[in-house]
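Working notes for the structure below.
One is the number of the first residue; the rest follow in order along the sequence. Predicted model, so just to flag it, every value in this text is computed and none were measured. Order of appearance sets the numbers: ligands from 1, and atoms from 1 within every ligand.
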Amino acid sequence: MTTFHLSGFPRVGAKRELKFAQERYWRKELAEQDLLDIAKALREKNWKHQAAANADYVAVADFTFYDHILDLQVATGAIPTRFGFDSATLTLEQFFQLARGNAQQHAIEMTKWFDTNYHYLVPEFHKNTEFKANPAHYVQQLQEAQALGLKAKPTIVGPITFLWLGKEKGKEAFNRLELLEKLVPVYAEILTALVQAGAEWIQIDEPALTVDLPAEWVAVFKPTYEKLAKVQANLLLATYFGSVAEHADLLKSLPVDGLHIDLVRAPQQLTAFEDYQKILSVGIIDGRNIWRANLNRILDVVEPLKAKLGEKLWIAPSCSLLHTPFDLAVETQLDKDLYSWLAFSLQKIQELNVVKQALNHGRDSVQADLTASQAAADARAASNVIHRPEVAARLASLPANADQRQSPFAERIKLQQEWLKLPLLPTTNIGSFPQTTEIRHARASFKKGAISAAEYEAAMKKEIAYVVEQQEKLDLDVLVHGEAERNDMVEYFGELLDGFAFTKFGWVQSYGSRCVKPPVIFGDVVRPNPMTVAWSTYAQSLTEKPMKGMLTGPVTILQWSFVRNDIERATVCKQIALALNDEVLDLEKAGIKIIQIDEPAIREGLPLKRADWQNYLAWATEAFRLSSFGAEDSTQIHTHMCYSEFNDILPAIAGMDADVITIETSRSDMELLTAFGDFKYPNEIGPGVYDIHSPRVPAASEIEHLLRKALDVIPAERLWVNPDCGLKTRAWPETHAALEVMVNVTKKLRAELN
Ligand code: GLN
Ligand code: ZN
């Protein structure tokens with residue numbers, strides 16, 4: 001019999017129940033016991049779903065009130081000492097303080113979990129970090145599942161990945177890998193506790209093996225797992241998000257009882273593991289995307305494996321289902337074809353159930369399911385809603401230099417300056433202005449049908465007029481319309497483009513209680529109508545100053561969506577670029593001659609392995625440039641990036657050839673800018689001069705300090721002045737005050753320079 005198991009399930013519930021409960025608890029509207037009860041009920045539901053789908057082992061230890069890496073910090077006693085808490089007696093209240101900060105201590109830093117949009121809390125290691133085992137939270141989940149009569153497999157992130165994901169803190173320099181020796185015995189204790197509580201199998205995740213792990217880190221696998229193998233548990237070592245074929249010999253030599261590999265992201269790695277002598281778990285259903293699988297095609301791969309491996313073959317989703325929404329069945333508003341091409345977590349476990357039955361009893365035993373799966377795959381492949389020949393034809397017929405502006409920057413900028421006549425150190429904004437309650441209310445009323453399109457338009461125009469008036473009063477140089485009409489910078493465009501669909505409850509956890517609902521890019525992308533021209537031209541009609549058009553870039557739209565898996569991501573990205581190109585040219589025709597194309601997510605798209613960076617950056621920057629194909633030299637193209645480290649991709653950023661880049665820099669005290677200076681960034685640049693994440697109004701001296709630092713590395717002729725990012729999360733009082741300081745400081749320095 002083939003074993004079907006899982007690494008993890010969405011934690012927040014079908015309707016984000018956990019999120020709402022947590023937030024009520026934080027607002028002191030819900031008692032702790034009630035929160036605990038809600039969480040327990042959610043776990044039970046999840047397990048029952050898994051059991052109903054014939055999972056042989058349900059996933060436990062994957063549930064967390066915030067983040068599984070924070071749980072691991074508690075379980076290993078490695079919570080940051082700066083909070084002064086004891087992990088053994090940590091209360092839920094304290095747990096949330098670690099995650100969210102308190103009056104004395106800032107929250108534990110967060111960063112992206114590999115190449116997903118999930119964020120984990122970064123462990124803080126000191127040279128003298130001591131560990132102690134505190135497995136209660138894991139044991140409790142295991143016992144709960146067992147109490148329901150279920151076989152459960154705890155899953156925890158392994159010691160090497162845990163250290164890899166952390167950061168070295170404290171004055172004394174050290175290498176956190178040195179902590180491994182102290183950490184491994186603590187892991188052994190945790191595993192022992194789980195075995196004593198009745199765990200037959202324990203899954204240890206080491207996804208760090210799919211990145212460019214330095215040799216000294218790879219070298220510790222053998223001794224580490226030799227020590228952990230002394231615990232009388234069956235260990236399943238799991239990797240996901242990429243290929244580990246290069247480590248196949250090492251992995252096969254480890255004294256663990258099974259391996260899990262991701263055959264969705266890296267199907268080609270199977271050949272390196274086919275001769276494995278112990279349990280081989282293959283991840284065959286995509287845990288990262290929402291497409292229904294072609295089960296026949298999966299069976300074509302796993303049936304021969306089963307013939308070879310017999311009972312030693314296990315099947316699973318590629319990774320935890322944390323990254324896919326809960327249940328497709330509630331999405332009744334979706335087009336019925338599209339609906340039939342999708343699978344969320346509940347559907348994915350049924351797909352695994354079908355594969356399991358087919359392996360155990362033959363394809364005939366599940367013929368109806370296989371037929372349905374095949375029919376959906378065939379219909380999708382043949383659909384003329386997805387495949388629009390004109391889109392492919394347009395891409396194929398682009399001239400070779402379609403991604404180049406007509407003239408080099410040095411010539412363009414002269415033409416731009418001629419009409420722009422901007423002062424030295426021009427001031428501008430990144431796009432959005434405060435999204436007030438009135439704005440959100442108007443949008444909600446419009447969506448509900450409570451106000452008409454004309455009323456909605458009037459409400460937005462009123463906002464735009466206000467934003468323009470305020471910027472004039474503040475004496476800013478290049479104005480923006482404020483983006484009142486957008487609730488989200490990707491959703492706004494997705495809703496206006498063909499090829500995109502939106503779910504009602506397709507939420508996935510981003511961090512803590514925050515979830516995102518990515519659009520679904522299911523088909524060839526076409527822009528049926530202008531998307532921003534009316535708003536931008538209205539804004540321009542209100543002022544003599546130049547109005548900046550505002551678009552979200554192709555890479556960012558791609559990166560923050562669920563992307564179709566039947567063509568290359570690069571192709572999807574270029575299709576979006578051409579749709580945006582239509583908008584750029586329409587804006588230009590309508591007299592909007594400064595156009596910003598935001599790409600905050602460009603760095604996030606970097607592949608996990610450096611060897612793949614070049615290829616990604618080549619198509620990503622090409623797509624960006626394609627967006628302004630055919631724009632006049634005198635049209636000034638801006639881009640904007642934020643909240644990421646950009647130092648290591650500066651040549652690619654320069655290769656985007658935007659006339660002006662605005663970029664978040666204030667929090668790092670302009671450090672990023674030094675890199676731009678050293679690299680001799682060729683075009684114009686607007687480093688952020690204040691952080692927009694807090695209502696705090698920056699002092700003039702702070703902005704002056706940052707601007708002087710900027711002037712040290714960037715010639716004044718190429719320097720712009722702007723906040724770090726858009727102001728939509730801010731309120732008006734601090735927005736006024738901060739921009740006033742920014743303009744005043746700029747004027748003072750301008751006078752000096754002149
Ligand atoms: N133009 C967008 C805004 O100002 C940019 C947001 C972003 O960079 N994340 O809101
Ligand atoms: Zn930004």
Side-chain angles (χ1 to χ4, degrees), residues 112 117 119 427-436 439-440 443 460 463-464 467-468 470-471 476 478-494 496 510-511 514 516 518-519 531-532 535-536 539 547-561 580 583-584 587 592 594-605 624 627 636-646 653 656 658 660-668 672-673 685-694 720-732 734-735 738-739 742:
K112 279 164 69 75
N117 222 337
H119 299 73
T427 53
T428 191
N429 273 290
I430 305 307
S432 55
F433 267 86
Q435 282 263 335
T436 57
I439 297 177
R440 271 175 300 189
R443 187 174 311 112
M460 293 301 115
E463 291 297 335
I464 291 173
V467 165
V468 172
Q470 297 312 308
Q471 293 173 92
L476 287 149
V478 170
L479 309 196
V480 295
H481 77 286
E483 300 180 27
E485 77 287 4
R486 303 181 192 176
N487 69 358
D488 176 274
M489 63 189 287
V490 170
E491 189 172 80
Y492 178 77
F493 290 96
L496 296 170
S510 173
Y511 62 87
R514 194 175 145 76
V516 293
M531 305 181 284
T532 65
W535 303 122
S536 289
M547 179 61 55
K548 185 160 59 164
M550 198 60 61
L551 306 176
T552 302
V555 185
T556 298
I557 292 180
L558 183 84
Q559 202 53 36
W560 292 348
S561 301
L580 291 168
E583 189 71 13
V584 167
L587 281 168
I592 304 298
I594 303 186
I595 301 167
Q596 178 174 310
I597 305 170
D598 290 327
E599 286 291 23
I602 198 152
R603 192 181 194 291
E604 292 180 21
F624 175 83
S627 316
Q636 187 166 71
I637 301 292
H638 289 217
T639 190
H640 165 73
M641 287 173 202
C642 52
Y643 305 106
S644 238
E645 281 162 31
F646 294 107
I653 291 176
M656 291 163 73
V660 182
I661 179 172
T662 57
I663 194 158
E664 171 258 327
T665 36
S666 76
R667 286 203 300 195
S668 70
L672 175 68
L673 205 60
I685 175 163
V689 295
Y690 76 88
D691 180 18
I692 51 87
H693 276 94
S694 100
W720 287 61
V721 181
N722 45 263
D724 264 348
C725 189
L727 301 166
K728 73 174 188 186
T729 57
R730 298 272 53 81
W732 270 108
E734 72 257 20
T735 298
L739 290 176
M742 184 181 95

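One finds an angle of 110° at the Zn ion (ligand 2) between NE2 on H640 and SG on C642, to the nearest 10 degrees.
Residue S432 approaches ligand 1 through these ligand atoms, each under 4.0 Å from one of its heavy atoms: 3 (C), 4 (O), 10 (O). Under a 4.0 Å criterion applied to the non-hydrogen atoms of D598, ligand 1 contributes the atoms 1 (N), 2 (C), 5 (C). Listed by number with element, the atoms of ligand 1 under 4.0 angstrom from any heavy atom of G726 are 3 (C), 4 (O), 10 (O). Applying the 4.0 Å criterion to heavy atoms of G431 picks out, from ligand 1, the atoms 4 (O). Proximity to H640 (heavy-atom distance under 4.0 Å) selects the following atoms of ligand 1: 8 (O). Residue contact check: C725 has heavy atoms under 4.0 Å from atoms 6 (C), 7 (C), 8 (O), 9 (N) of ligand 1.
Two residues are said to be in side-chain contact when any heavy atoms from C-beta on lie closer than 4.5 Å; I439 and P434 fail this criterion. Here the side chains of R486 and S432 are not in contact, with every heavy-atom distance at 4.5 Å or above.
Close N/O approach between I430 and ligand 1 is found [any backbone or side-chain N/O within under 3.5 Å]. At under 3.5 Å, a nitrogen or oxygen of E483, whether backbone or side chain, sits near a nitrogen or oxygen of ligand 1.
A side-chain contact (heavy atoms from CB on, under 4.5 Å) with M547 holds for exactly one of I594, V468, L587; it is V468. Exactly one of T552, D724, T662, N722 qualifies for a side chain to side chain donor-acceptor pair (under 3.5 Å) with H640. That residue is T662.
Note: W732 and F433 have parallel aromatic rings, judged against thresholds of 30 and 60 degrees for the angle between ring planes.
Closest heavy-atom approach to atom 6 (C) of ligand 1 within the set Q435, K728, M489: this belongs to M489.
Judged purely by atom type and a 3.5 angstrom limit, S561 has no side-chain atom pairing as donor or acceptor with the backbone of P518.
Ionic pairing of K728 and E483 is not present here: no N-O contact between side-chain nitrogen and carboxylate oxygen is shorter than 4.0 angstrom.
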